[in-house]
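Working notes, structure below.
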Amino acid sequence: MLQKMALHTRTHPDHHPGIQGSVVAAVAVGGAAGAAARYGAELLWPTGPTDFPWTILLVNAVGCFLMGILMVTLKLRFPASPRLVSPLLGTGVLGGFTSFSHYADGVRQLFEADRPGYATGSLLLTVVAALVGVTAGALAAHAALGGDHRVRDGAR
């Protein structure tokens, strides 16, 4: 029989048994703020149900770009930040702002509206834009922080 590999020998700093309520609350508050921001973007730049979903594409790309910046910045410059910063800003705000369920539902609606070109374009462009966004954000943060990869405040 195969042995299990010990992939996670150390726990993540946000995983503390018994005190998850504050993490859930931080994600919920951040998620509400992020979703409200996305809703605001959709009000400012509405697209019809059979139009190409440029707003959601842009929101997802920008959100992924900001996620790349946030994660690199927290890791390199603020490794000792309060433990709720990442769940609040990353999972919460940016998770609520970006909407891959909304994107997937939009693709479904476009296929149902007999717009397969828009549906396929949205399907592919959103994935590419998200990957490019998070990579560009991480690279931008590394460049802005001087590319300094030294350990700070006990981070590894």
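Worth knowing before you read on, the calculation uses all heavy atoms, side chains too, and leaves out hydrogens, waters and symmetry mates. Owing to the predicted nature of the structure, the values given are computational and were not obtained by experimental measurement. By convention here, the first residue in the shown sequence is residue 1.
One hydrophobic cluster, built from ILVMFWY side chains closer than 4.5 Å, holds both Leu88 and Val85. Note on Val127: it clusters hydrophobically with Phe111, by side-chain heavy-atom contacts below 4.5 Å among ILVMFWY residues. Tracing side-chain contacts under 4.5 Å through hydrophobic residues (I, L, V, M, F, W, Y), one reaches Val59 starting from Phe65; they form part of the same cluster. Hydrophobic clustering, with ILVMFWY side chains joined whenever heavy atoms are under 4.5 angstrom apart, groups Leu89 together with Phe78. At a threshold of 4.5 Å between side-chain heavy atoms, the hydrophobic network of Ile, Leu, Val, Met, Phe, Trp and Tyr places Leu66 and Leu74 in one connected group.
A side-chain hydrogen bond (donor to acceptor under 3.5 Å, both in side chains) with Glu112 holds for exactly one of Arg108, Arg115, Gln109; it is Arg108. A side-chain contact (heavy atoms from CB on, under 4.5 Å) with Val107 is found for exactly one of Thr120, Leu123, Leu124, namely Leu123.
Nearest heavy-atom pair, Ala129 versus Leu57, reported as atom, atom and distance to 0.1 Å: CB-CD1, 3.9 Å. Nearest heavy-atom pair, Ser99 versus Arg38, reported as atom, atom and distance to 0.1 Å: CB-NE, 3.3 Å. Closest approach of Phe97 to Ala37, counting heavy atoms only: CD1-CB, 3.8 Å. When all heavy atoms of Ala113 and Thr50 are compared, the closest pair comes out as CB-CG2, 3.5 Å. Pairing each heavy atom of Thr47 with each of Pro53, the nearest pair is OG1-CA, 4.2 Å. In this structure, Pro49 and Leu110 approach most closely via the heavy-atom pair O-CD2, 3.7 Å.
If you take NZ on Lys75 and OG on Ser81, they are separated by 11.0 Å, rounding to the nearest 0.5 Å. Here the straight-line distance linking atom OG1 of Thr73 with atom NE2 of His142 works out to 9.0 Å at 0.5 Å rounding.
Ring orientation note: the planes of Tyr103 and Phe100 are nearly perpendicular, at an angle over 60° on the 30°/60° scale.
Proximity of a side-chain donor or acceptor of Thr98 to a complementary backbone N or O of Leu94 within less than 3.5 Å is detected.
The shortest distance between side-chain heavy atoms of Leu58 and Trp45 falls below 4.5 Å. Put simply, the side chain of Asn60 reaches to within 4.5 Å of the side chain of Ile56, judged on heavy atoms.
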